[in-house]
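Counting convention: from 1, in listed order, for ligands and their atoms alike. Note that the coordinates shown come from a computational prediction; the quantities given were computed from them, not determined experimentally. Throughout, residue positions are numbered sequentially from 1 according to the sequence presented.
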Amino acid sequence: MKKNLLVLLMVAHVGWAQQKDYPIQAIPFTQVKFNDNFWLPRIKINHTVTIPASFERCENTGRVKNFEMAAARSGAFCTVYPFDDTDIYKTIEGASFSLSLFPDKKLEDYIDSLIVKVKNAQEPDGYLYTARTIDPMAAHKWAGKERWEKEREASHELYNAGHLYEAAVAHHQATGKRNLLDIAIKNADLVCSVFGPGKKHVAPGHEVVEMGLVKLYRLTGKKEYLATAKDFIEERGRHTGYDATSKDPFRNGAYWQDHKPVVEQNEAIGHAVRAGYLYAAVADVAALTGDENYVKAIDTIWNNMVRKKIYVQGGIGAVGDGERFGNNYELPNATAYNETCAAIANVYWNHRMFLLHGESKYIDILEKTLYNGLISGVGMDGKSFFYTNAMEIRNSFQHNDMEAERAGWFVCSCCPTNVTRLIPSIPGYVYAMKNDNFYVNLFVSGSTTVTVNKKTVQVEQKNNYPWEGKLNFTISPQSPAVFNLLIRLPGWSQDQAMPSDLYSFQKKSGQPVEIKINGKVVSYTVANGYAVLPKTWKKGDVVEVNLPMDVRRVVANQLVKDDLGKVALQSGPIMYCAEWPDNFGKTSNVILPEGAAFTTEFKSDLLNGVKVVKSEAIAIQVQSGNTVTTVRQPFMAIPYYAWAHRGKGEMTIWFPERVTDITILSSQQEKK
Ligand code: FUB
Ligand code: ZN
């Protein structure tokens, strides 16, 4: 009898937790150690510079003061946006991830002192939103007179909540403390009591609360959190106040992904950060509930994004007006918006898509984003940032809205604080597991220890990625262990510039990727984009993989008007750009003729160490008296992510191959 009761209790316990989940589980970032030259320095500078600088900005811009005033219930909200609270939450989240990697008592204590301020600003029923609490009679103009009244449009009450939950979970996991978690739970309980069937209805105006609730659900097992996340997703497309005939995304609801129920949506649409967070949350809820219609919807949306709406350097959200996705193939270079937060959202989404489906194409997008259009968002100093990530800069700066220099902070500073939390979590994207399949997704020197097929296995990577393609893995199980090692064969190593026909390599290489085990070339099968290596692994087994790193010319689909007749340059995962200091002060006049050969060179003294691409170009020179001449000149390209560290000037990603495809700037444009 007692035994039966125990079984029942065990079932009940398992019942609250995840009965269903992603079929693939990521190896948590805390279990992955880096000792490489590319990511580890970035993670360190994030800890030593970015996090302190970010907290400092939260202090000196008044964001912390907002919490103090909310605690005192007096004063006047002293920053600009009602979502400024989230900069504190996101920095706490990043700092917590970082604490897991680098224990730091001073930082931990400082976070605790901030948490006291957050707690004091929380209203007794759990409501937490300084833009109202400071003075409810004079709430922020985006917030409305009543709580949640303007949530759909602009208040960001649930956006703030979502970032609070994500921070709280990270903080609890890093420190074991409940101080922030209890605040988050109190707020989440309020949110669940206010919204849902038979209660208030709203499609959150800026998604992220859904992902946050899922994280809280995973930690606490409270089903309401998952149910409310799902309710919020279900709310989309139900609002009756839009004008469906309008093409304006603000009028037809598409800006908020609210124009149709999610399961009927088939296009990456609207504000790109909102969209990315929504699609990531849909993946989470699909994994946890087994909802196949959700999976179908995000699969279709993903195909649309990858076939028609992503830039060659991994940026998404082409249009500045509304910070949103453009129409299909609308990928202008001169006005590309590419918000850093959108790139981050795309990493979150693609990682989840991989965990759902186990296909390497999702990691191809994640890798492209990570090494290019995302880290371009943070400068080498760790404290300067791009909000938008330009695709070209011309001397005339005729598009003044394009940022040509990084800044320390922004009035709307979502991107810097988002970078702060993304960087230390990168080790969590490297490995994953499903039963006796062990996936290697990213190539970073370092190690992890995992349990595969009930055996403890240490996996060590040694490489000089992303500069060289020689990868070395040492597999060391405690005792011989049978499992499949799945090594991702990046799309670019398989003659595929993008998992779609949006971009392709001008010439196929046809070079197969060679793999050796213990010095012997082995044949292998490829499944879902992975080289599958089944074996009884023994201590010290060495796997060598040789990825081709030659410089490739990338061409865009003919429907991308801006890129017609032009090529971009790629070596391994890295996209290149030409910048003015390396090309006689100008890059908009550069033609890369067909057939021009490329060489590469690693320059340790340039931009913290980068592999540059060299060639000979033809440069257009406009002389006085209506004369245009061409000259041959040396050409040099640097990794796109490293541009804008040497002053303001021209930058080009897409190069014409013929003189007929170059845009010659008028002298009037030059002067502007
Ligand atoms: O609305 C909150 C954040 O501010 C968005 O994610 C960014 O695009 C910026 O508009
Ligand atoms: Zn942003």
Side-chain angles (χ1 to χ4, degrees), residues 50 54 57-58 61 63 66 79-91 93-94 129-131 140-143 150-164 166-167 203-212 249-250 254-258 268-281 314-326 336-349 369 373-379 384-390 401-403 406-423:
T50 317
S54 189
R57 298 286 185 163
C58 288
T61 57
R63 281 160 170 80
N66 282 335
T79 58
V80 175
Y81 295 107
F83 51 81
D84 289 337
D85 294 357
T86 62
D87 290 322
I88 294 182
Y89 301 149
K90 280 187 283 177
T91 312
E93 184 181 347
Y129 180 73
T130 66
H140 193 282
K141 62 175 184 249
W142 290 8
K150 294 246 170 99
E151 170 52 42
R152 188 182 58 77
E153 297 100 323
S155 75
H156 289 74
E157 282 151 293
L158 291 172
Y159 173 77
N160 288 11
H163 278 303
L164 168 69
E166 296 208 313
H206 193 315
E207 298 90 331
V208 82
V209 68
E210 305 81 352
M211 273 197 286
F250 291 98
Y255 171 80
W256 298 272
Q257 301 76 41
D258 200 13
I269 207 159
H271 183 270
V273 186
R274 285 171 164 85
Y277 288 174
L278 169 66
Y279 309 146
I316 56 168
V319 177
D321 174 19
E323 306 178 300
R324 64 184 167 85
F325 285 103
Y337 196 74
N338 282 340
E339 184 178 340
T340 302
C341 284
I344 292 173
N346 210 18
V347 165
Y348 293 155
W349 179 26
T369 309
L374 193 161
I375 52 167
S376 53
V378 55
S384 60
F385 306 90
F386 275 138
Y387 187 115
T388 63
N389 290 275
D401 48 345
M402 289 299 96
E403 289 173 278
R406 294 180 183 83
W409 192 254
F410 305 91
V411 177
C412 168
S413 219
C414 49
C415 299
T417 51
N418 229 350
V419 166
T420 306
R421 71 187 184 131
L422 187 278
I423 296 286

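Looking at Thr417 and Trp409, their side chains come closer than 4.5 Å, going by heavy atoms from C-beta outward.
Of the inter-residue distances, the one linking Ile269 atom CD1 with Arg274 atom CZ reads 14.0 Å to the nearest 0.5 angstrom. We find the CG-CD1 distance between Leu374 and Ile316 to be 10.5 Å, quoted to the nearest 0.5 Å. Here the CG-OG1 distance, from Asn418 to Thr91, works out to 9.5 Å after rounding to the nearest 0.5 Å. Between the NE2 atom of His271 and the SG atom of Cys341 there is a distance of 8.0 Å, given to the nearest 0.5 Å.
Annotation: Arg274 places no N or O atom under 3.5 Å from an N or O atom of ligand 1; distance criterion only.
The atom of Glu339 that is an N, O or S and sits closest to the Zn ion (ligand 2) is OE2.
Remark: distances from the non-hydrogen atoms of Cys414 to ligand 1 include one below 4.0 Å. Residue-ligand proximity: Tyr81 is placed with every non-hydrogen atom at 4.0 Å or more from ligand 1.
Neither the backbone nor the side chain of Phe410 has a heavy atom within less than 4.0 Å of ligand 1.
Looking only at heavy atoms of the protein, atom 6 (O) of ligand 1 is closest to His206 NE2, 2.7 Å. Regarding atom 10 (O) of ligand 1, its nearest protein heavy-atom neighbour is Glu323 OE1, 2.7 Å. Among protein heavy atoms, atom 7 (C) of ligand 1 sits closest to Glu339 OE2, 3.2 Å.
Interface atoms of ligand 1 facing Tyr387, defined by a heavy-atom separation under 4.0 Å, are 7 (C), 8 (O), 9 (C), 10 (O). Atoms of ligand 1 found under 4.0 Å from any heavy atom of Val273 (numbered from 1 in listed order, with element): 6 (O), 8 (O). For ligand 1, the atoms closer than 4.0 angstrom to any heavy atom of Cys412 are 4 (O), 9 (C). Annotation for ligand 1: atoms under 4.0 Å from non-hydrogen atoms of His156 are 1 (O), 2 (C).
For the Zn ion (ligand 2), the set of nearby N, O or S atoms under 2.8 Å includes none belonging to Cys412.
Take the Zn ion (ligand 2) as the corner point: the lines to SG of Cys414 and to SG of Cys415 open at 120°, to the nearest 10 degrees.
Annotation: Tyr159 is in aromatic contact with His206 [ring centroid separation under 6.0 Å].
Relative ring orientation between Tyr279 and Trp349 is described as tilted, the plane-to-plane angle lying within the 30° to 60° band. The aromatic rings of Trp142 and Phe83 lie tilted to each other, with the angle between the two planes from 30° to 60°.
Side-chain atoms of Ser413 and Asp87 form no donor-acceptor pair, as typed in the model, at a separation below 3.5 Å.
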